[in-house]
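First the structure, in the form of structure tokens, and then the observations on it.
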There are 2 protein chains.
Amino acid sequence: MVSERETSGPVELREAVDDEGMRGFVGYNIKRAYIRVQGAAQAALAPFELRVLSFTALSIIGTNPGITPSQLAVLLGMERSNVVAVIDDLMSRDLVSRERLETDRRRFALTMTARGGEVQKAAARAIAEFEGRLVSVLSEEEQATLVRLLNRIEAEGAATKD
Amino acid sequence: MVSERETSGPVELREAVDDEGMRGFVGYNIKRAYIRVQGAAQAALAPFELRVLSFTALSIIGTNPGITPSQLAVLLGMERSNVVAVIDDLMSRDLVSRERLETDRRRFALTMTARGGEVQKAAARAIAEFEGRLVSVLSEEEQATLVRLLNRIEAEGAATKD
DNA sequence: TATTGTTATACTCTATAACTATA
DNA sequence: TATAGTTATAGAGTATAACAATA
């Protein structure tokens, strides 16, 4: 059994360190790139007082008028219970409104307000601009390739899990 | 000014919903793929009672013997203060050990123990297996392309930020 | 009985501020 | 004065369990 230190003598400061050992994991590389893009999105959304999650919820409600909180939870990949606060926040700022379904009074139909549409549109432009500063190091074709490869991994993950 | 609902009459359940409106953002696609791969890594590490962050720290210490907590924090992309608990956990389980630097007694040199090396090796195999179930939908060449494209975005983010 | 929205709660992850010991 | 490690704390993000209203 080897001991914890291979060499003996005084311990010296290691000036150069790196994460090369982790780069073999595809997931690690995805994570690192994700952190950068997430940071850019947060910075872009800050002036609108929106978080990435809130913006995503707002956008999905906008393109899916009448969506219920439960359906939204599935798309956001989170529990129903955690969607409540997101919707409450968007409603309190008049970005989203809701209405009970007459056919099933347990459910609510969510819709984006006119004000919500304006905010969403401006926020989307801001994200595209900030994200573009990073992503534009890739050509349009490379961006399309990247998204296609990522989507295949995501789809396989869904297939494995569900 | 348009009203919140374009159509009038009773609200009906929208059976089909989707997130197509978000797919135009490269970051959204990165995030969704990341969630899948992160989930696979968590599942792979569960038997070892390691979290993704702990495994990453353990691996980096293993390939950078003598690294200090501050240097580790930089590589992990987090604050020094949050590294403390990670190191404490790894040390309490005899996966990592530390020793004060004689040249600067404020700093600690971190090293992986023999036991840590065994656990890291087994955990790395488990992650590679679980991650492989997702990533193997891509050819080796496609995987390399994916990593290369992600790394360029990450590098641009670092350049923009730092 | 089952489902939708909701509340309460806890745990993880992360950032900030302040402390200590060393430099 | 400045830096390394540490502690305390707070804010997001997320999961689980239990409840009321409705089906």
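None of these values were measured; they are calculated from a predicted model. Protein chains get the first letters and strands the later ones, always in sequence-line order, with residue 1 at the start of each.
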Who pairs with A/D89 by side-chain contact (heavy atoms from CB on, under 4.5 Å), at least two apart in sequence or on another chain?
A/S54, A/S92, A/R93
Quick one: label B/D104 by what it contacts on the DNA or RNA (base, sugar-phosphate, nothing), any heavy atom closer than 4.0 Å.
sugar-phosphate
In the 5' to 3' direction, the nucleotides of DNA chain D bounding the stretch that comes under 4.0 Å of a heavy atom in chain A are D/dA12 to D/dA23
With sequence neighbours excluded, what pairs up with A/E142 under the side-chain contact (heavy atoms from CB on, under 4.5 Å) test?
A/L138, A/S139, B/L149, B/R152
Which residues pass the ring pair (Phe, Tyr, Trp, His ring centres under 6.0 Å) test with A/F130, not counting sequence neighbours?
none
Which ring-ring contact (aromatic ring centres under 6.0 Å, His included) pairs, counting each pair once, include a residue from residues 70-110 of chain A, with sequence neighbours left out?
none
Contact residues, residues 63-77 of chain A to DNA chain D [heavy atom, < 4.0 Å]:
none
Can you list the residues that meet the salt bridge (Lys or Arg N to Asp or Glu O under 4.0 Å) rule with B/R125, with sequence neighbours excluded?
none
Sequence neighbours excluded, the answer for side-chain contact (heavy atoms from CB on, under 4.5 Å) partners of A/L76 is A/L53, A/T56, A/A57, A/I60, A/L72, A/M78
Return the set of residues passing side chain to side chain donor-acceptor pair (under 3.5 Å) with B/D104 (not counting sequence neighbours), or none when no residue passes.
B/R106, B/R107
Please confirm whether the shortest side-chain N or O distance from A/R98 to OP1 or OP2 of C/dT6 is below 4.0 Å.
yes
Would you mind listing every ring-ring contact (aromatic ring centres under 6.0 Å, His included) that reaches into residues 11-30 of chain A, with sequence neighbours excluded?
A/F25-B/F55
At a heavy-atom distance below 4.0 Å, what parts of residues 48-58 of chain A sit against DNA chain D?
A/R51, A/L53
So, using side chain to side chain donor-acceptor pair (under 3.5 Å) as the criterion, who are the partners of A/E154 when residues are at least two apart?
B/R23
